[in-house]
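Letters go in sequence order (proteins before strands), and every chain restarts at 1.
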Amino acid sequence: MLEMKVFRENPDSIFNDLKRRNASDEIVKEVIKLDKKWRAFIEKGNGLRAQRNSISKEIGELKKQGKDTSSVMEKMSGIKDKLSQNEKETKEMLDLRDQARMRVPNILEESVPIGEDEGGNNEVSSHGSKGNILNPKPHQEIIEYISGADLKRAAKISGRRFYFLTGDLARLEMALINYAIDYLYQKQYTLTIPPFFMNREAYEGVVDLNDFEEVMYKIEEQDFYLIATSEHPLTARFKDEILEIKKQPLKYAGISTNFRKEVGAHGLSDRGIWRVHQFAKVEQVVICKPEDSELMHNELLNNAIELFEGLELPFRVVDICTGDIGTVAARKYDLEAWMPASQQWKEIVSASNCKSYQSVRLNMRYRTPEGTEYPHTLNATAIATTRALAAILENNQKDNGSITIPRVLHKWMNGQEKIEAQ
RNA sequence: GCAGAGGUCGCUUAGCCCGGUAUAGCGCCGGCCUUGAAAGCCGGUGGGAAUAUUCCCUCGGGGGUUCAAAUCCCUCCCUCUGCGCCA
């Protein structure tokens, strides 16, 4: 949600942004209109309350002196009626204003490329080499012959898009997690294991409202949603608080299982463990002063790049365009791994600068000499295990069916260097 | 889950019994002092609306009683202590 002062002082910045997104600006006009009405109600209410307070004082004085109060009491009852009517209208107007305001997307950074969909994304850089694999097998086949996962029985007891990770592949997942955690520890990110359930109110602070239908699972009959990423609890953690951000930004490494409905996703490219309802992810989360957020965005992106360079995987960095970026982020970069079997680049990391969009909704501020200010929030994948595993399986497959384990992971695999076909 | 005690401005805390504009300390910011700093002293330090100046809101959330609620009543949430249960 955008700060109200943007609508009041610089609405053109929103209108221009929506033009770049090729989106309607009706909703912005609605917010501005409702805000004016709300302010008129507030003023009227303040006047009534001022009257009420002064009459109330008068009554106190009169009673102290033992004088008659019936005439002022009568005046009071008229004011109280008007005030309760006004309070109802004021609240309604504020609710309407903020319902509309919630639907206005973040203002994008000016350099975000313009485009209709993912086809408009810009490749920024590429890393590693694609290798030379003869007849590469897709990861869902490799999983079978190394006995790395059991999707069939997972489907029997849970449903499609679930899996048992088994043996060396499960060990490899733990190695990836440890690899990411140790890397971020060295960069001063505080490891944080969050709650996996969050209530609706907190959740509204960090996501697009559509996500409630399309992404998060709701616990039946209870005000709980399963988290879709540790970014959500880590960012919502300081809701309604005034933080002390000294020099250093607040930096966290979140780790959790993530739960996603994946509504509407189908197709060949989603087989195996690429798109699943449940997966582990190490996430980077930063809360910082506005002036630091661009720098921190680069840091998060560089961390992801270094992690995947360490894994010796071929990947590229993509600058996400206006049509593909969504409502919350002001700038977003993805890392896309090269998948030899399908000959496609596929998303493995997403790094977003949300600016103050989340902190406004969360009512999370930090103290400055002049008062309070909304901090910027940023998030980026460090390693999402299932996708990293799929990329490793496809890129590291050998002619004899074995999989070489990236060197940086050996220390968490008891020195094991490859996974053999069973 | 049961019983008791609690939730007050960034943090700590007084006020609650007995209703009438929220107290003090710490931290932070500014000023004085100083070669510089510390200490000391002085002032400021939640949010909103409009501004020569003001006005309003804010004591965990919601509701009620009252001319008037941090204070009384109801309700929900959370924390602590003890008991119970438990990986």
Side-chain angles (χ1 to χ4, degrees), chain A residues 1-11 31-98 100-101 193-205 219 221-225 233 236-250 256-257 287-289 291 356 359-375:
Chain A
M1 187 160 75
L2 294 171
E3 290 182 55
M4 238 9 259
K5 75 176 180 198
V6 183
F7 291 90
R8 288 171 189 161
E9 293 166 17
N10 191 10
V31 173
I32 293 169
K33 194 179 83 190
L34 291 167
D35 183 52
K36 280 189 184 140
K37 283 192 183 173
W38 173 72
R39 286 203 271 184
F41 278 121
I42 281 277
E43 249 180 279
K44 194 175 156 202
N46 283 348
L48 289 167
R49 266 184 292 268
Q51 280 184 63
R52 182 198 63 186
N53 292 345
S54 77
I55 293 174
S56 175
K57 245 182 244 174
E58 200 183 325
I59 291 171
E61 285 299 314
L62 290 172
K63 287 215 166 173
K64 224 187 261 176
Q65 293 164 25
K67 290 182 181 161
D68 174 60
T69 58
S70 55
S71 70
V72 262
M73 289 284 211
E74 210 171 299
K75 208 158 68 178
M76 185 64 116
S77 82
I79 289 167
K80 287 181 79 174
D81 287 347
K82 277 192 213 158
L83 190 58
S84 73
Q85 174 67 16
N86 168 273
E87 275 171 353
K88 215 178 104 203
E89 289 166 334
T90 308
K91 189 181 180 305
E92 274 171 15
M93 208 46 72
L94 184 67
D95 286 348
L96 286 172
R97 186 197 78 181
D98 283 343
R101 182 153 71 121
I193 304 171
F196 291 8
F197 290 15
M198 249 168 90
N199 64 39
R200 171 96 192 191
E201 199 193 316
Y203 232 128
E204 281 182 352
I219 302 292
E221 318 253 312
Q222 298 211 53
D223 182 23
F224 286 133
Y225 291 83
R237 183 176 174 197
F238 302 107
K239 177 176 158 51
D240 295 320
E241 290 192 39
I242 298 176
L243 302 168
E244 298 288 342
I245 304 179
K246 308 269 181 197
K247 264 211 163 128
Q248 279 292 311
L250 307 176
S256 74
T257 307
I287 301 170
C288 69
K289 297 176 183 176
E291 61 264 33
S356 62
S359 60
V360 170
R361 188 76 190 96
L362 287 167
N363 190 32
M364 168 172 75
R365 290 153 297 162
Y366 73 98
R367 195 164 290 288
T368 72
E370 292 78 36
T372 57
E373 201 70 55
Y374 292 104

Identity of whatever pairs with [N] - Watson-Crick or G-U, under 3.5 angstrom:
{"N": "U81(B)", "result": "A3(B)"}
{"N": "A37(B)", "result": "none"}
{"N": "U45(B)", "result": "G27(B)"}
{"N": "C9(B)", "result": "none"}
{"N": "A52(B)", "result": "none"}
{"N": "U21(B)", "result": "none"}
{"N": "U66(B)", "result": "none"}

Reading RNA chain B from 5' onward, which residue's closest nucleotide shows up sooner: Arg8(A) or Lys80(A)?
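In this pair, the answer is Arg8(A).
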
Let me know, please, whether Trp38(A) or Lys63(A) comes out on the 5' side of the other along RNA chain B by nearest nucleotide.
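By nearest-heavy-atom nucleotide position, the 5'-most residue is Trp38(A).
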
Mind checking the [atom1] distance from [N] to [M]? Whole angstroms is fine.
{"N": "U8(B)", "M": "U58(B)", "atom1": "C1'", "answer": "11 Å"}
{"N": "U13(B)", "M": "U81(B)", "atom1": "P", "answer": "15 Å"}
{"N": "G27(B)", "M": "G82(B)", "atom1": "P", "answer": "33 Å"}
{"N": "C55(B)", "M": "C67(B)", "atom1": "P", "answer": "25 Å"}
{"N": "G40(B)", "M": "C26(B)", "atom1": "P", "answer": "8 Å"}
{"N": "G20(B)", "M": "A69(B)", "atom1": "P", "answer": "11 Å"}
{"N": "G10(B)", "M": "A37(B)", "atom1": "C1'", "answer": "26 Å"}
{"N": "G36(B)", "M": "U45(B)", "atom1": "P", "answer": "29 Å"}

Counterpart residues, side-chain hydrogen bond (donor to acceptor under 3.5 Å, both in side chains), relative to [X] (two or more places apart):
{"X": "Glu61(A)", "answer": "none"}
{"X": "Arg361(A)", "answer": "Glu204(A)"}
{"X": "Tyr203(A)", "answer": "His232(A)"}
{"X": "Glu201(A)", "answer": "Lys239(A)"}

Distance check, rounded to the nearest 0.5 Å: Met93(A) atom CE versus Ile42(A) atom CD1?
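Result: 11.5 Å between the selected atoms.
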
To the nearest 0.5 Å, how far apart are OG1 in Thr257(A) and CD1 in Ile193(A)?
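One gets 10.5 Å once the value is rounded to the nearest 0.5 Å.
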
My understanding is that only residues two or more places apart in sequence, or in another chain, count here; which of them pass ring pair (Phe, Tyr, Trp, His ring centres under 6.0 Å) with Phe197(A)?
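Only Phe224(A) meet the ring pair (Phe, Tyr, Trp, His ring centres under 6.0 Å) criterion with Phe197(A).
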
What residues, two or more places apart in sequence or in another chain, satisfy salt bridge (Lys or Arg N to Asp or Glu O under 4.0 Å) together with Glu241(A)?
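Per chain and number, Glu241(A) pairs via salt bridge (Lys or Arg N to Asp or Glu O under 4.0 Å) with no residue.
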
Residues which pass salt bridge (Lys or Arg N to Asp or Glu O under 4.0 Å) with Lys33(A), listed by chain and number, not counting sequence neighbours:
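Lys33(A) satisfies salt bridge (Lys or Arg N to Asp or Glu O under 4.0 Å) with Glu30(A) once adjacent residues are dropped.
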
Go through RNA chain B in 5' to 3' direction and return only the first and the last nucleotide with some atom under 4.0 Å of chain A's heavy atoms.
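For RNA chain B, the relevant span reads G10(B) to A68(B).
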
Looking at Arg101(A) and Leu2(A), would you say the former's side chain and the latter's main chain have a donor-acceptor pair under 3.5 Å?
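Yes, the answer is positive, given that a donor and an acceptor are paired below the 3.5 Å cut-off.
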
Where along residues 44-59 of chain A does a heavy atom come under 4.0 Å from RNA chain B, residue by residue in number order?
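Output list: Asn46(A), Arg49(A), Ala50(A), Arg52(A), Asn53(A), Ser56(A), Ile59(A).
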
